[in-house]
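Scroll down for the structure; my scribbles are underneath it.
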Amino acid sequence: MSAADPTTRPTDASAALFERAHTVTPGGVNSPVRAFNAVGGTPRFIERAQGPYLYDVDGNEYVDLVASWGPMLLGHAHPRVVEAARDAVARGTSYGTPTRPEVELAEAIVGRTPVDKVRLVSSGTEATMSAIRLARGFTGREVVVKFAGCYHGHVDSLLAQAGSGLATHAVPGTPGVPEASTAATVVLPYNDPAAVDAVFAERGSEIACVITEAAAGNMGVVPPAPGYNRLLAETCARHGALFVSDEVMTGFRVSRSGQWGLDGAVEGWTPDLMTFGKVMGGGFPAAAFGGRADVMAMLSPEGPVYQAGTLSGNPVATTAGLTTLELATDEVYAHLDKSARLLSEAASAALTEAGVPHVVQHAGSMFSVFFTDPGVTEVLDFAGASAQRLDRFRAFFHAMLDRGVYLPPSAFEAWFLSAAHDDRALDRVVDALPHAARAAADVPEAG
Ligand SMILES: *Cc1c(COP(=O)(O)O)cnc(C)c1O
């Protein structure tokens, strides 16, 4: 280590808050991955963020590659979004009535995607939960097919693991989910057309919907194989099931029309239902599900399928979301694509130089690095994503953190960029990568 190497940063104030948090909150956090359990060490308590940077309570600055797990497409505290939200707050924060920004946000979503109508909700979890209820109500069927490694929020029926046989019902993925809740869920491996064919051959007439991440981002980035999403859409159509494409993460991020803009729009197919969240809330709790007019017409109060929410379409959240979408121009997406290419190539080059086996995968501007075994060239599913050297990721993560780069504190997450990541921020990441790659290389071989 040369004298110029940064030393480990102070974390006393974060550590003190984490201790206090532990006495009043399980694990000290309000969403598990924030606790750093996968990487160890003290989670940073952030008190302020601006553009591509986070500032913690100890006064450390970090280049942020988490972006609040995706929402902050424009970077933090974008002046126009702040101004719009501030003005909205001053007009009152919730009325429990319909409002203009809800209409405008719905129009923006309908304008960018193939959905005919949307219903606004407050979280991605609510969106997928409601989409599944609607799919079941519309089809009069109960079975839901999902894919291992795809995350759709903490919906009981989707917190499921594969059962013993391919087409058999899933089992709860966490205590607290009744077996009855997963009895009508089937979990298949991702990117496996034969498994989809087999389950439809056996149970096609029982299947209400297939739900998939439009491009998997919650097991690290695992893009759909070419034609895979189209196969899902066509298979569903053939069997009278609905195809639900979950774009909570990819929506309005990987293109102005999300992942659908990169595949369905090009290949000429559309999902029956889609779910959105993250970017569309502009950093506030707003999400949506939408789709075919005839399916959406089943939703209360137009139809019989019940769904509601006290804060749904909240005027502050919808105003911030709408402003974010208005500012998400073609230039923004071009910048994200270019920055993602630059960083992913730099990460791969640094790891190669240090002799660390790895795979980098993309879905548009979302990408992630898998610390694989030697010889692996591609990660296609959750089994592949799970076969990682997590000890190497931990060393890599902390070396980046020490040099002021805040990566997702888990090996199973995408690295998120924003329009605010300028040359200074990107250079900081690029400069840190060789150190982190060497730290990963220094981890002893697993015995
Ligand atoms: C984040 C996410 C969700 C859940 O959204 P929340 O707002 O955290 O409830 C659902 N689906 C996907 C693909 C996500 O990435």
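Counting convention: from 1, in listed order, for ligands and their atoms alike.
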Measure and list all N/O to N/O distances between ligand 1 and the protein that fall under 3.5 angstrom.
from     : atom 1 : to     : atom 2 : distance (Å)
ligand 1 : 5 (O)  : Gly124 : N      : 3.4
ligand 1 : 7 (O)  : Gly124 : N      : 2.8
ligand 1 : 9 (O)  : Gly124 : N      : 3.4
ligand 1 : 9 (O)  : Thr125 : N      : 2.8
ligand 1 : 9 (O)  : Thr125 : OG1    : 2.6
ligand 1 : 11 (N) : Tyr151 : O      : 3.3
ligand 1 : 11 (N) : Asp246 : OD1    : 3.4
ligand 1 : 11 (N) : Asp246 : OD2    : 2.7
ligand 1 : 15 (O) : Asn218 : ND2    : 3.1
ligand 1 : 15 (O) : Lys278 : NZ     : 2.6

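Ring pair Phe397/Phe36: centre-to-centre distance below 6.0 Å.
Between the side chains of His362 and Ser344, at least one donor-acceptor pair of N or O atoms lies under 3.5 Å. With hydrogens and angles left out, the side-chain atoms of Arg44 and Tyr62 include a donor and acceptor closer than 3.5 Å. Counting only N and O atoms by type, the side chains of Ser348 and Glu345 include no donor and acceptor under 3.5 Å apart.
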Exercise. Let me see the working for Glu206 and Arg203 under salt bridge (Lys or Arg N to Asp or Glu O under 4.0 Å), right down to the final yes or no.
Key: CA-CA 6 Å; Glu206 297 170 69; Arg203 305 186 67 179; 3.0 Å; yes

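A salt bridge links Arg428 to Glu61: one of the charged nitrogens lies within less than 4.0 Å of a carboxylate oxygen.
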